[in-house]
Amino acid sequence: QVQLVESGGGLVQAGASLRPPCASSESMFTMGWSRQAPGKQREFVTYISSGGSTNYADSVKGRFTISRGNPRNTVYLQMNSLKPEDTAVYYCKAKDWMNRDYWGQGTQVTVSS
């Protein structure tokens, strides 16, 4: 059973930074993050492939950076210049080599103005 474990959320002021990690129990083809704000649908944030290719939602480009750690089944989401509209539960998402999706339990990020 694949497990994804996130941590590192919290309550911060606008303009601050956070760097939550996500650790997978197994090697994954891609790993990334989605988020869900109160009353809204879950939305894509970013992903990184096994080869290092990345993709970002327009709303976070230039402020968020995803990277792989050591071991490589850990990814970090560097979030800079946080805005109140970034407030959401952030979910780690991974896709395995059989194209199956897995989700973490989520970590709350709250940005106050």
Side-chain angles (χ1 to χ4, degrees):
Q1 180 90 15
V2 173
Q3 289 189 329
L4 301 177
V5 179
E6 312 105 325
S7 61
L11 171 62
V12 297
Q13 290 188 329
S17 298
L18 285 172
R19 189 172 181 252
C22 171
S24 172
S25 58
E26 298 181 21
S27 174
M28 290 287 151
F29 178 53
T30 66
M31 292 184 70
W33 295 85
S34 294
R35 66 187 182 185
Q36 187 165 16
K40 295 187 177 181
Q41 290 189 334
R42 194 172 297 189
E43 64 177 7
F44 165 78
V45 175
T46 182
Y47 77 80
I48 185 167
S49 73
S50 59
S53 299
T54 58
N55 194 22
Y56 297 92
D58 288 343
S59 59
V60 306
K61 279 181 182 177
R63 299 188 299 121
F64 290 12
T65 303
I66 189 170
S67 61
R68 285 190 179 269
N70 186 14
R72 289 180 57 78
N73 57 340
T74 299
V75 294
Y76 295 91
L77 180 62
Q78 179 69 48
M79 303 189 289
N80 297 329
S81 302
L82 282 162
K83 304 175 181 180
E85 51 263 45
D86 294 318
T87 295
V89 177
Y90 283 71
Y91 295 92
C92 183
K93 178 184 177 182
K95 188 179 292 290
D96 69 12
W97 304 90
M98 298 293 289
N99 205 36
R100 293 174 294 202
D101 291 338
Y102 302 90
W103 292 91
Q105 80 284 357
T107 185
Q108 177 70 47
V109 172
T110 303
V111 185
S112 63
S113 58

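At a threshold of 4.5 Å between side-chain heavy atoms, the hydrophobic network of Ile, Leu, Val, Met, Phe, Trp and Tyr places Met28 and Tyr47 in two separate groups. Residue Val12 is grouped with residue Tyr90 when hydrophobic side chains (ILVMFWY) are merged at heavy-atom distances under 4.5 angstrom, including chains of intermediate members. In the hydrophobic clustering of ILVMFWY residues, with side-chain heavy atoms under 4.5 Å counting as a link, Tyr102 and Met31 come out together.
For residues 98-113, every residue pair satisfying the salt bridge (Lys or Arg N to Asp or Glu O under 4.0 Å) rule, not counting sequence neighbours, is listed here: Lys93-Asp101, Lys95-Asp101, Asp96-Arg100. Contacts classified as ring-ring contact (aromatic ring centres under 6.0 Å, His included) and involving residues 1-29 (residues at least two apart or in different chains) are given here: Phe29-Trp97. Pairs of residues two or more places apart, or lying in two chains, that qualify as side-chain hydrogen bond (donor to acceptor under 3.5 Å, both in side chains) and include a residue from residues 16-29 are Ser17-Asn80.
Between atom CZ of residue Arg72 and atom CD1 of residue Ile48 there is a gap of 7.5 Å, rounded to the nearest 0.5 Å. Considering OG of Ser113 and CD of Gln13, their distance stands at 9.0 Å, rounded to 0.5 Å. Atom OG1 of Thr46 and atom CZ of Phe64 lie 9.5 Å apart (nearest 0.5 Å).
The ring-ring contact (aromatic ring centres under 6.0 Å, His included) search around Trp103 returns none, not counting sequence neighbours. Val89 meets the side-chain contact (heavy atoms from CB on, under 4.5 Å) test with Tyr91, Gln108; sequence neighbours excluded. Take Arg63 and apply the salt bridge (charged side-chain N to carboxylate O under 4.0 Å, His left out) test, not counting sequence neighbours, and it matches Asp86.
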Name the atoms and distances for all side-chain donor-acceptor pairs under 3.5 Å in residues 52-60, with sequence neighbours left out.
residue: Tyr56; atom: OH; partner: Ile66; partner atom: N; Å: 2.9
residue: Asp58; atom: OD1; partner: Lys61; partner atom: NZ; Å: 3.2
residue: Ser59; atom: OG; partner: Arg35; partner atom: NH2; Å: 3.4

Name the atoms and distances for all side-chain donor-acceptor pairs under 3.5 Å in residues 1-9, with sequence neighbours left out.
residue: Glu6; atom: OE1; partner: Gln105; partner atom: N; Å: 3.0
residue: Glu6; atom: OE1; partner: Gln105; partner atom: NE2; Å: 3.3
residue: Glu6; atom: OE1; partner: Gly106; partner atom: N; Å: 2.9
residue: Glu6; atom: OE2; partner: Cys92; partner atom: N; Å: 2.7
residue: Glu6; atom: OE2; partner: Gly106; partner atom: N; Å: 3.1

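In terms of heavy-atom proximity, Ala37 sits nearest to Thr87 at CB-O, 3.6 Å.
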